[in-house]
Every structure is written in C-alpha cells, then in structure tokens.
Amino acid sequence: MMIPVTFWSYFAELAGCAETVVTVSDGATIEVLLKHLYTSYPALAEMRRSTLIAVGVEYQDGEYVLKAGDRVSLFPPVQGG
Amino acid sequence: MMIPVTFWSYFAELAGCAETVVTVSDGATIEVLLKHLYTSYPALAEMRRSTLIAVGVEYQDGEYVLKAGDRVSLFPPVQGG
Amino acid sequence: MKRFLSITHDPIDEAGLLAARSMSAGMGAAVYFSGVVRAQEGSELIVAIDYSCFVPMAEHQFHRLFDQLEQRGSVESLRLIHRIGRVAVGEASLWIEVVSAHRGEAFSACQWVIDEMKRVVPIWKKPVLVTEKPVA
Amino acid sequence: MKRFLSITHDPIDEAGLLAARSMSAGMGAAVYFSGVVRAQEGSELIVAIDYSCFVPMAEHQFHRLFDQLEQRGSVESLRLIHRIGRVAVGEASLWIEVVSAHRGEAFSACQWVIDEMKRVVPIWKKPVLVTEKPVA
C-alpha cells in the first residue's frame, strides 16, 4: 500500500521535501508508517514529541490503521491567530 | 444650610419632582438629610434599600457630613449598556 | 493610555470610529463590543429604550474606571461611546474598543469596563413599549 | 447559526465586514476581535509574518468548531477571516465577529473560538526578520 505523506510548515525544511510516499503492508498503523519515515528523515524523528498527525482532514494518533487512499500529514504545533 | 437634592430616573416620578432643597443644621449627615426627605417623599422611603447617593459626582453613604455648597443626588441602581 | 469618551444623543458611527482607530506597532489585539437594543426587555416587547444620564457624574465615574485600567498598564487605547436619549431597537446604545498588546488583556479590560459601568455609572433605561405612542 | 469563513491572501476589509453585518431584533451583543501582527515576535524585531496553512484541513477544523458552537444555541452569527501568506506588521491576520443575544455569550464564544483555533487549526507562522531581504 502506497501512502502519500505531506510535511507542513518547518517539517518540510527538516525533511528536505514537502511530500513523499511510504510503502507499508496492509493493516499497518500510523506507528508503522512513522517508523519507516523516521529512518528516512532522522531530523523529523527528533520532533516526534511535538508532531501532529492527520489523515485527510482529521487528526489521528499512532494506532490508526491505514487504508488505501489515505493521505497522511505531519506537522508541528499549530499557531493560527 | 440649604442642600439642593436631585432625583434621577424614576425617583423623580416617585417624588413628583426632579429637584428640591432641604434645610439641615450645620454638621448634619446624609442620614439626617434622608430623614427629612423621606418625611416629605414617602414613596422614596420605600426605595431606601436600593437607593444610591452621590454628593457632587462621587458616591457617598449615610455617614457623610454635609458642607455648604454640596449638591446631593438620589437614584436607583444604574443600568448603563 | 489614550482614551476617548462620548456620552451622546447621536447615533453611534461604528464605521467612523473604526476608520479613526490607531494602533502602535507593539499592539496585537483590538477587541470591540457593540451593545444593541433588543426587541424584548424582560417579558415585554419594546420599540426603543429611553436612556437618561446624570452626565457630569457619568463622565467622572467613567474616567475613574479608565484611571484604574491605566494603572494596569496593559491597555494602549480605550474608546467608549454611550448613547443617551431614545435608542430604537436594532440600534447600538454602547460601543467600546480596547487596544492592547495581547488579546487576553483586551478581552478582560473590555468586559471589566462594561461590568464596572453597570455598577457605578449613572445611566438608566426606560423601555418604550410597543403599545405606547411615539414621542414626536 | 449563520457562519462565514474565509482563509484568504487578501487584506482583511474590516469596514466592509462591518457594513455587511446583520443582526436580528433579538440580538443584543456583537463582539469583534482583530488580531494584528506586532513588530516583535519573541525577542526579535520583525517586519511581517508569513502564514502557511493546510487549507482544506483548516476549513474542516474551523467548521467543526463552529458546529460545536452552534450546538450551544446562543450564537446567531459567527464570521471569521484568517489571512495567510505575508502579513506586514500593523496589518490584521485574524478578524472574528460573534453576534449573540447577550454579551457574556458573545465574549466567551469569541475567546473560545480563538483558543480552540490555536489548538487544532493547521496554520503556522514564520516571522520575517528586519534583516531579511524582501520577497519580490
């Protein structure tokens, strides 16, 4: 299953790109996807405690089971206003 | 000592006039002035628990000692806004 | 603290007040409140409220409140307009603007001024009921 | 509840928003908040803030907040404009208006929306320092 991942705000600078695609097996959780990601983007791994995760337009946590068609977003704490 | 007294809001309707003058002896307090007033205007006496008192533009209470030149105002709770 | 106070029979010109707003570069928040006469006062339908005011005392008490706010030191500007006389349903009787560095201060100062005003500023309301004849 | 949401690169036209305001006869309070970019961000002097936004998610999250507010039942209208892209010092990045029957509800709803926005709506700030060269 190929899951597109978008990095927002300075996470894109830390990753060196704004988007990537991660291949995970069926039934994989976000936790699993993050493990893959953090291997490729160690600078993001350092931010894991202050990382927000969304699938589509909803917040999700590590236990969320990914489905085909899901789009994942990773970003730092929001700062509107 | 002649002390002018103004009634504001519906206190003027209860009194039947917007202004009066009360004669009190030197050293009289507002308490004394009110006693005179309430004899002349019994409808105001019934409102005494919800009466605010000012001398000039400052709030005062019954213990305030009146001076020549003081102008007293009596009014119900305020309702700005 | 910059302050502007007006107790007036004229309609409140919100657009004009907005156009006259000034904020220095350190200020991050402006909070406005517009209080409008509602069609209902308690259980009765009304067409307007007649506001009466002991003007010199009202001005003095407003400025005492502004003095207290100034001592807090966090508000750059406060503008307050209270309309008196007959104010029709749907028209504003009160407009307040507070400019401050941060929104928390601006919100709390604005609400504080309204609360204190309702405690100490000598202004009174008399509802004009639907059944009453208009005053010419 | 009437709602208007705009996430936009355009300057916030407060006067136009004010002119478009509507309040029904039962409403007594309008509370506005205008959030303006300050010359200082932390300890650094800045000339602007670049706001970035994950727009579809931001819109969705704003509407979730508005849904929650609507369930309280006390707000007649909520209008919110958040500017994105480069916003210069002294310009508004955020404008909110809440119309309600009573001022307590209007003040609390307005502050609640700002607090919740800062928790869940994906918008980020990047200060533009005084020393940086302008972006053409």
Side-chain angles (χ1 to χ4, degrees), chain B residues 2-22 24 29-31 33-34 37-38 40-41 43-81, chain C residues 5-8 12 32-38 41-42 46 48-68 80-85 87 89 91-96 110-129:
Chain B
M2 289 176 43
I3 304 290
V5 178
T6 307
F7 307 120
W8 295 94
S9 180
Y10 62 85
F11 276 22
E13 291 156 39
L14 292 177
C17 63
E19 292 189 358
T20 187
V21 174
V22 179
V24 293
T29 60
I30 282 178
E31 202 76 58
L33 176 127
L34 289 178
L37 270 177
Y38 289 158
S40 313
Y41 305 100
L44 285 182
E46 290 174 28
M47 308 305 296
R48 68 194 313 159
R49 277 161 196 274
S50 55
T51 295
L52 298 175
I53 304 156
V55 176
V57 295
E58 296 285 0
Y59 285 97
Q60 300 295 349
D61 63 19
E63 289 169 26
Y64 176 88
V65 178
L66 292 159
K67 303 183 307 285
D70 279 349
R71 304 185 63 87
V72 172
S73 289
L74 262 62
F75 47 82
V78 304
Q79 304 167 295
Chain C
L5 172 67
S6 172
I7 297 173
T8 174
I12 295 173
Y32 309 78
F33 172 76
S34 179
V36 172
V37 173
R38 300 169 65 209
E41 178 79 6
I46 67 169
I49 288 179
D50 284 331
Y51 284 91
S52 62
C53 179
F54 176 8
V55 175
M57 182 170 175
E59 289 177 342
H60 176 72
Q61 295 291 330
F62 267 130
H63 279 293
R64 281 185 62 146
L65 298 179
F66 298 171
D67 290 344
Q68 288 177 61
L80 189 151
I81 293 91
H82 202 304
R83 199 167 156 197
I84 54 176
V87 183
V89 164
E91 292 184 3
S93 56
L94 174 65
W95 186 88
I96 304 180
C110 191
Q111 289 172 280
W112 182 84
V113 166
I114 301 171
D115 288 340
E116 290 298 299
M117 174 195 77
K118 287 178 176 286
R119 211 173 54 80
V120 300
V121 175
I123 296 174
W124 302 274
K125 298 200 263 195
K126 189 176 173 185
V128 181
L129 303 185

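Note that the coordinates shown come from a computational prediction; the quantities given were computed from them, not determined experimentally. Protein chains get the first letters and strands the later ones, always in sequence-line order, with residue 1 at the start of each. Only heavy atoms go into these numbers, but all of them, side chains included; no hydrogens, no water, no symmetry mates.
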Query - Residue C/Phe54 versus chain B: region with a heavy atom under 4.5 Å - result: both
**Report entry** Where B/Gly81 and C/Ser93 come nearest, the two heavy atoms and their spacing
**Finding:** O-OG, 3.3 Å
Query raised in the report: Is a side-chain donor or acceptor of B/Tyr59 paired with a backbone partner of C/Val120 at a separation under 3.5 angstrom?
Result: yes
Query raised in the report: With no hydrogens and no angle check, is any side-chain donor or acceptor of C/Lys118 less than 3.5 Å from a backbone partner on B/Gln79?
Result: no
Query raised in the report: Side chain, backbone, both or neither: which part of C/Arg83 has an atom under 4.5 Å from a heavy atom of chain B?
Result: neither
Query - C/Lys126 NZ: over 12 foreign heavy atoms closer than 6.0 Å - result: no
**Report entry** Nearest-0.5 Å distance that lies between atom OG in B/Ser9 and atom CG in C/Asp50
**Finding:** 11.0 Å
Query - B/Ser73, part contacting chain C, at a heavy-atom distance under 4.5 Å - result: side chain
Query raised in the report: How far apart are the C-alpha atoms of B/Trp8 and C/Met57, what are their side-chain angles, what is the distance that settles it, and do they pass the side chain to side chain contact (heavy atoms under 4.5 Å, CB included) test?
Result: CA-CA 12 Å; B/Trp8 295 94; C/Met57 182 170 175; over 6 Å; no
Query raised in the report: Can you check whether C/Trp124 reaches B/Pro76 side chain to side chain, under 4.5 Å on heavy atoms?
Result: yes
Query raised in the report: Given the rule in the side chain to side chain contact (heavy atoms under 4.5 Å, CB included) test, do C/Gln61 and B/Glu58 qualify, once you have shown the distances and angles that lead to the verdict?
Result: CA-CA 8 Å; C/Gln61 295 291 330; B/Glu58 296 285 0; 3.9 Å; yes
Requested in this report: Specify the closest pair of heavy atoms between C/Val121 and B/Val78, including all atoms of both residues, with the distance to one decimal.
Outcome: O-CB, 3.1 Å
Query raised in the report: Who among C/Pro122, C/Ala92, C/Ser52, C/Pro56 has the most heavy-atom pairs with chain B under 4.5 Å?
Result: C/Pro122
Report task. Check each atom of C/Leu94 against the heavy atoms of chain B and say whether the ones under 4.5 Å are side chain, backbone, both or neither. Result -> side chain
